[in-house]
Protein chains: 2
Amino acid sequence: MPQPQGSKGQDTKKKVTIIEIADAAGVSKSTVSLVLTGRGAVKPETRQHVLETMDRLGYVYNRGAANLRNAQSRIVGLVLNDLSNPFFAEFAIGVEKVLQMAGYVAFMANTAESVVRQEQVMRMMREHGAGGIILCPALDTRPEHLDWVRAAGTALLVAIRRLPDVAVSHVVPENLAGASRITRHLINLGHERIAFLGGMHSMVVRQERHGGFLAAMEATGRNVDPALNLESMPTRDGGFGAMSAVLSLADRPTAVVCYNDVTAIGAMLAAARHGLVVGRDIAIVGFDDTSEARHVSPALTTVAVDPVGLGERAAALLLKQINDPAAEPESFIGPANLVIRESCGAYQRALAAAG
Amino acid sequence: MPQPQGSKGQDTKKKVTIIEIADAAGVSKSTVSLVLTGRGAVKPETRQHVLETMDRLGYVYNRGAANLRNAQSRIVGLVLNDLSNPFFAEFAIGVEKVLQMAGYVAFMANTAESVVRQEQVMRMMREHGAGGIILCPALDTRPEHLDWVRAAGTALLVAIRRLPDVAVSHVVPENLAGASRITRHLINLGHERIAFLGGMHSMVVRQERHGGFLAAMEATGRNVDPALNLESMPTRDGGFGAMSAVLSLADRPTAVVCYNDVTAIGAMLAAARHGLVVGRDIAIVGFDDTSEARHVSPALTTVAVDPVGLGERAAALLLKQINDPAAEPESFIGPANLVIRESCGAYQRALAAAG
DNA sequence: TTCTGAAATTGGAACGTTCCAATAAACGAT
DNA sequence: ATCGTTTATTGGAACGTTCCAATTTCAGAA
């Protein structure tokens, strides 16, 4: 009895499996599996023939089925809180570099600072058998949000933003010391009234950086004016707004320490709009040393935290943890070094002194 | 006979399955499955009890096993060729927005312009059962590189960089018309000698944009000097280098059309280093309208292609294709509109005319 | 009480792979 | 030829889920 509906060719893409390959190649499914995994000893000609058959029939390996036995796939999840910040793009590049060498691939997802989305994304990654997850936590991530991940035995590493009171590996920059260092640099240049600008109070990173700022101010007997501590979203627009507010003050500061490079660049823009020459009329410094800092004009004095290096470190630590799940959590505090460029005015001062 | 090694607690994280939940909750695995999928009718109290048990034992859903029957997971792969270009970050944000609403999650991967890596990443995504893939192809992707993806029936959409002669859905900006538009704008401002700068000849996008440039030049009888057509990597450094070369020419152009915003910003920097005031001494324009274009100083005149919008469109088209695999490939050419800011000098000219 | 239909639950057969133990084939050495 | 040994190959039993058909339970009607 002939089938009436003449569906021309492969209308319905039937999934081709290892068994069909085996049949077509005239071997057993076990042999095909052997070829696929490259584990056993299979005669070169047989291997070749199987490979050709797979090619001919358009075979797709089903990792899900395979993981049913293995339960360890070579993917790692990278959860980023803000893809539009180039800092995280650079961080991601470092992560990928190391993972790739170890034969892993990183699947990234963006949470856009939403805890709900973060939860959803991490669940997906776990369900797909990710070997581990590197998490740059969204703004108000609570420690208990991570319990379920760790309960299930997925390797987890928190990066960039420390989560206090969570017993999990961390990779973060030396925020306090870095902020202290750059503040001291401004003080050495003779500044008395210095503002701290950008970031939200609730962010741990801001607390650390602001702490470093305060430490340097107090250690040198500087007076800290609460009016010169301004919050803003950690974005260019945030920096622009906060700086505009600062400049409308009666008693302006002569120098500004910004939460990060992005806000610093926003602040520089605001200063320029007010007719100030950054580096001469006012000093503005940032934090992170993203590639933008080098390229902006005047070049931004900042604290280099080497985002790529942090990414590499994070990946390496995670891999270690994947390979030895029993290991204790381990943390890495990345160095934060002063990079003196033009926006702080040090260069101009040196010129003047020489001239 | 007592076990000697007193492994305290859950040293060996045994994977907990649906069956163990069933046993612990005193129901059958089928019931647990019903709870999980929410498909059948299960008594509220039973559901509650099962849910609690899952929570208590730290159950992780195994999507791989489930897909063995279903063979369609709600993930979409997003393959990006250059994560460090903010254009792609914005594109990705658009993609995510739409996918999320449809209950999908996007897993991104960066190829860093490597075809090998691109292949590896796409293979991984397919193996994990991605429902579809949005590909921003790496520089020298050949059409035949994509054959195997399409053969296996995975929905595929190519974005941003058109691949000629590939029968697959595309979402790309209107490069030719956009470039033509912005060139004409410079011509209307009175420029005669105009350079085209950045990007590599082999890139289709460059061919299109340069084509638009040429069209406008020739339509208005302008003379096109081959010395004013410079290649560079599509990066800030590339733009800086190419612009430096242009400025060392004996017969400098008075205006420069750049391949994209990133190279234009590099070019602006080079001009500034040569003591030129951009927008007064020389006109520089870009392409893309990334958020940087607005923020740089002087603000960049450019062509808005709305990367977020393109991302949204790409996601929508891919979803359509996932839901109807038999549908014909469909393409969307996004509008490219002139955005006049300061770097082309139009604003200063208007001021002068008014004054 | 018995019957009836709906609601709730269940065992077992897939799904596509890997792994193990077992078998078959090939090859020298006796 | 016969034996061991190495090299190739192979069925079948997992793995954790869903789906189907079958069964049990439950309310209300007769």
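Order of the sequence lines fixes the chain letters, A, B, ..., with proteins taken first and strands second; residue numbering starts at 1 for each chain.
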**Student:** Measuring from the side chain of B:Lys15 (C-beta onward, heavy atoms only), which nucleotide among D:dG16, C:dC19, C:dT17 has the closest atom?
**Tutor:**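 So the side chain of B:Lys15 is nearest to D:dG16.
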**Student:** Of all the nucleotides listed (D:dT18, C:dT17, D:dT10), which has the minimum atom distance to the side chain of B:Arg69?
**Tutor:**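 Between D:dT18, C:dT17, D:dT10, the one nearest the side chain of B:Arg69 would be D:dT18.
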**Student:** Give a yes or no on whether A:Glu144 atom CD has more than 12 heavy-atom contacts from other residues, nucleotides or ligands under 6.0 Å away.
**Tutor:**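 Atom CD in A:Glu144 is packed in, count exceeds 12.
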**Student:** State which of D:dT18, D:dG11, C:dT17 makes the closest approach to the side chain of B:Leu36.
**Tutor:**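 Closest nucleotide to the B:Leu36 side chain: D:dT18.
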**Student:** Find the distance A:Arg63:CZ to C:dT18:P and express it as a whole number of Å.
**Tutor:**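 Checked: the CZ to P distance equals 9 Å.
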**Student:** Please determine if a side-chain N or O atom of B:Thr46 lies less than 4.0 Å away from the OP1 or OP2 oxygen of C:dT9.
**Tutor:**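 Checking B:Thr46 against C:dT9: at least one side-chain N or O falls below 4.0 Å of OP1 or OP2.
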**Student:** Do other residues, nucleotides or ligands put more than 12 heavy atoms under 6.0 Å from the CZ atom of B:Arg313?
**Tutor:**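 Atom CZ in B:Arg313 is not packed in, count stays at 12 or less.
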**Student:** From the set C:dG16, D:dG11, C:dG11, return the single nucleotide nearest to any side-chain atom of A:Thr17.
**Tutor:**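 Nucleotide nearest to A:Thr17's side chain: C:dG16.
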**Student:** Any idea how A:Tyr61 and A:Tyr59 line up, ring-wise: parallel (<30°), tilted (30 to 60°), or perpendicular (>60°)?
**Tutor:**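 Taking A:Tyr59 first and then A:Tyr61, their aromatic rings stand perpendicular (interplane angle over 60°).
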**Student:** Using atom CD of A:Glu127 as one end and atom C1' of D:dG16 as the other, report the distance to the nearest whole Å.
**Tutor:**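 So the two atoms are 13 Å apart, to the nearest Å.
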**Student:** Without decimals, in angstroms, what is the distance between A:Leu34 CG and C:dC20 P?
**Tutor:**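 It is 12 Å, rounded to the nearest whole Å.
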**Student:** Would you indicate, yes or no, if C:dT18 has its OP1 or OP2 atom less than 4.0 angstrom from a side-chain nitrogen or oxygen of A:Ser33?
**Tutor:**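 Checking A:Ser33 against C:dT18: at least one side-chain N or O falls below 4.0 Å of OP1 or OP2.
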**Student:** Quick one: which of D:dG16, C:dT17, C:dT10 gets closest to the side chain of A:Ile18?
**Tutor:**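 When the side chain of A:Ile18 is considered, C:dT17 is the closest of D:dG16, C:dT17, C:dT10.
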**Student:** When the distance from CG of B:Asn62 to P of C:dC15 is rounded to whole Å, what number comes out?
**Tutor:**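 Distance, rounded to whole Å: 18 Å.
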**Student:** Roughly how many Å is it from CD in A:Glu45 to P in C:dA26, rounded to a whole number?
**Tutor:**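 Checked: the CD to P distance equals 11 Å.
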**Student:** Can you tell which of D:dT17, C:dT17, C:dT10 lies closest to the side chain of A:Ala65?
**Tutor:**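 Ranking D:dT17, C:dT17, C:dT10 by closest atom to the A:Ala65 side chain puts C:dT17 first.
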**Student:** Which pair of non-hydrogen atoms, one from A:Met125 and one from B:Phe107, has the smallest distance, and what is that distance?
**Tutor:**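 Taking every non-hydrogen atom into account, CG-CZ, 3.6 Å.
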**Student:** If you check every side-chain atom of A:Lys29, which of C:dT10, D:dG11, D:dT18 has the closest atom?
**Tutor:**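 The answer is D:dG11.
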**Student:** With nearest nucleotides of DNA chain D determined for A:Lys43 and B:Arg39 from heavy-atom distances, which residue corresponds to the more 5′ nucleotide?
**Tutor:**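 The answer here is A:Lys43.
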**Student:** Check whether any side-chain nitrogen or oxygen of B:Ser30 sits under 4.0 Å from OP1 or OP2 of C:dT9, and answer yes or no.
**Tutor:**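 B:Ser30 to C:dT9 OP1/OP2: no side-chain N or O under 4.0 Å.
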**Student:** Closer than 4.0 Å, any side-chain N/O of A:Thr37 to the OP1 or OP2 of C:dT18?
**Tutor:**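 Answer is no, no contact under 4.0 Å.
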**Student:** Establish, from distance only, whether the side-chain atoms of B:Gln120 and B:Arg117 form a donor-acceptor pair under 3.5 Å.
**Tutor:**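 B:Gln120 vs B:Arg117: donor-acceptor pair found between side chains.
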**Student:** Starting from C1' on C:dA14, measure out to CD1 on A:Ile19 and report it in whole angstrom.
**Tutor:**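 Going from CD1 in A:Ile19 over to C1' in C:dA14 covers 11 Å.
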**Student:** What is the distance, rounded to the nearest whole Å, between atom CG of A:Asp23 and atom P of D:dG11?
**Tutor:**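 Going from CG in A:Asp23 over to P in D:dG11 covers 11 Å.
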**Student:** Tell me the interatomic distance from B:Tyr59, atom OH, to D:dG16, atom P, rounded to whole angstroms.
**Tutor:**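 Taking atom P of D:dG16 as the reference, OH of B:Tyr59 is at 10 Å.
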